[in-house]
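Each ligand, and each atom within it, is numbered from 1 in the order the structure gives. Note that this is a predicted model, so its numbers are computed, not measured.
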Amino acid sequence: MSSASLFEAPLDRARKHALEYLHSLEDSSVAATLTWEELRQRLSYPLQDGGMDASEVIDQLVADVDGGLTGSAGGRFFAWVIGGSVPAALAADWLTSTWDQNAGLYVCSPATAVVEEIAGAWLKDLLGLPEAASFALVTGCQMAHATALAAARNALLADRDWDVEKRGLFGAPPLRVLCGDRHGTVTRAVRLLGFGTDCLVDLPVDDDGRLRGDVLRQALVESAGAPTVVLLQAGNIDTGIFDPFEELITIAHEHNAWVHVDGAFGMWVAASPSYRHLVAGVERADSWATDGHKWLNVPYDSGYAFVANPEAHRASMSQRAGYLTHSDAARDQMDWNPEHSRRARGVATYAAIRQLGRRGIADLVDRCCGYAADIVTAIGALPGVEVLCQPLINQGVVRFLDTHPGATLDDHNRRTDAVIASLIEDGEAYFSGTSWGDMRCMRVSVSSWQTTESDVERTIRAVERCI
Ligand SMILES: Cc1ncc(COP(=O)(O)O)c(C=O)c1O
């Protein structure tokens, strides 16, 4: 028997289990039903001396995790910002594992290097970014921030005759990052890069959460000459709102600041003719971070960094070693990515874009925005519900009020958390909470290609039941 035939049975089992799982998403609980203790009890076998049959490993694994997975791959998961996987992307991801390529160097995997090169070009086209921008296909928006801000660090300090790649940050002119609203992954990126969180300057935002031009200008004037990144947002995590890019990027560039855009999900509105006005001018920024595993519906983990200054990007990432074989003409991913060895994760992105096409991606964006609006409107019409944010795109915010006379903020907060808990227990749809000022709220986030009108109806009935 050839070694290849040893794969047959476990792969057959995996295919069977995978399809059963995908079909089960329609009717099984969207929330995990097992506790941490139960899962540990099931999965913590003593580390055995001998091995076991590969198919048995797969069968047992599937049986043991049953009840411990959330239905985030299905159509009624509206927590955080989580997309599913379109079929071509999932299948391509399986093949990526089968091919098991080390996609760090072109010579290691010529075909996947070219697939990724093309995927990068398509992404820039879909997102309306400059053709000349460089890119890196990374694990998620977190690493996209780290990659883009490493390029920013390189360029801003090179302008001040400081070679950060060689000299590091000790003794360098201190960098600062001017932020309006900021996702926690930006905070972590500046920690990882050695800027330190003291570099973060939180500027006041307007009532809608947008950074204002006069506020940014004032902050730039106050420390003129300092190497500065301006962080802008395409899609706030709770409200989905966008900073006014045209105005803010013009101001930032007048002061020689580097503009980085966090567009983890919001950048994808650029692919929709109905929503792309929201990112007007964003293409003039210096770097952008977004995700494939959110709105493009590519399996985890998939994020994208783009940099308008390829020299700074390459200088911050590239490395050479005598034992490696570098390419002159072709793209070595190692020159742009923070990893050395890496999975050819761009293959799934390539496949998703091929399956959906430009129109399919626009439809996906429009559909999710429409369903988010439908869910928030219908929940908002129920008794004791307050809508705090009607979706601008695919994110909305509501809260559940305690209707007893004299109910306090704490009562409303308890009521909101109780309704979210009861929805999770109910298992028909899954939502997560957030804090908005002192208020506890429930987020409504729709990013999956799987969500249908019937899912929306089932979800609304579940909310009715739980309140
Ligand atoms: C606005 C924003 N930025 C960054 C991130 C982090 O993305 P990732 O989890 O892919 O690192 C998220 C995740 O929800 C987000 O919404």
Just which atoms of ligand 1 are under 4.0 Å from any heavy atom in Gly140?
10 (O), 11 (O)
Determine whether the side chains of Asn413 and Thr416 contain a donor N or O and an acceptor N or O closer than 3.5 Å.
no
Find all atoms of ligand 1 within a distance of less than 4.0 Å from any non-hydrogen atom belonging to Ile237, and give their numbers and elements.
14 (O), 16 (O)
Heavy atom under 4.0 Å from ligand 1: found in Lys294's side chain, backbone, both, or neither?
side chain
In this structure, atom 4 (C) of ligand 1 is nearest to the protein heavy atom Thr185 OG1, 3.2 Å
A student comparing Arg182, Gln142, Gln233 should find that the heavy atom closest to atom 11 (O) of ligand 1 comes from Gln142
Determine, using heavy atoms of His293 and all atoms of ligand 1, whether some pair is separated by less than 4.0 Å.
yes
List every atom of ligand 1 that sits less than 4.0 Å from any heavy atom of Ala264, numbering the atoms from 1 in the order shown and giving each element.
1 (C), 2 (C), 3 (N), 4 (C), 5 (C), 12 (C), 15 (C)
Under a 4.0 Å N-O cut-off, is there an ion pair linking Arg217 with Glu254?
yes
So, do His313 and Trp336 have ring centers that fall under 6.0 Å from each other?
yes
Whether over 12 other heavy atoms sit under 6.0 Å from Glu453 CD
no
For the residue pair Thr459 / Glu428, report whether a side-chain donor-acceptor contact shorter than 3.5 Å exists.
no
Logged contact type for His183 with ligand 1, heavy-atom cut-off 4.0 Å, is side chain
Could you list which atoms of ligand 1 come closer than 4.0 Å to a heavy atom of Asp291?
7 (O), 8 (P), 10 (O)
Between Arg415 and Asp410, is the closest basic N to carboxylate O distance under 4.0 Å?
no
Tell me which part of Cys141 gets within contact of ligand 1: side chain, backbone, both or neither, using heavy atoms under 4.0 Å.
both
Close side-chain approach of Arg212 and Val205, heavy atoms under 4.5 Å
no
Ligand 1-proximal atoms of Phe265, by part, heavy-atom distance under 4.0 Å:
side chain
Test His293 against every option in Trp80, Tyr304, Phe265, Tyr300 by the ring-ring contact (aromatic ring centres under 6.0 Å, His included) rule and name the one that passes.
Tyr300
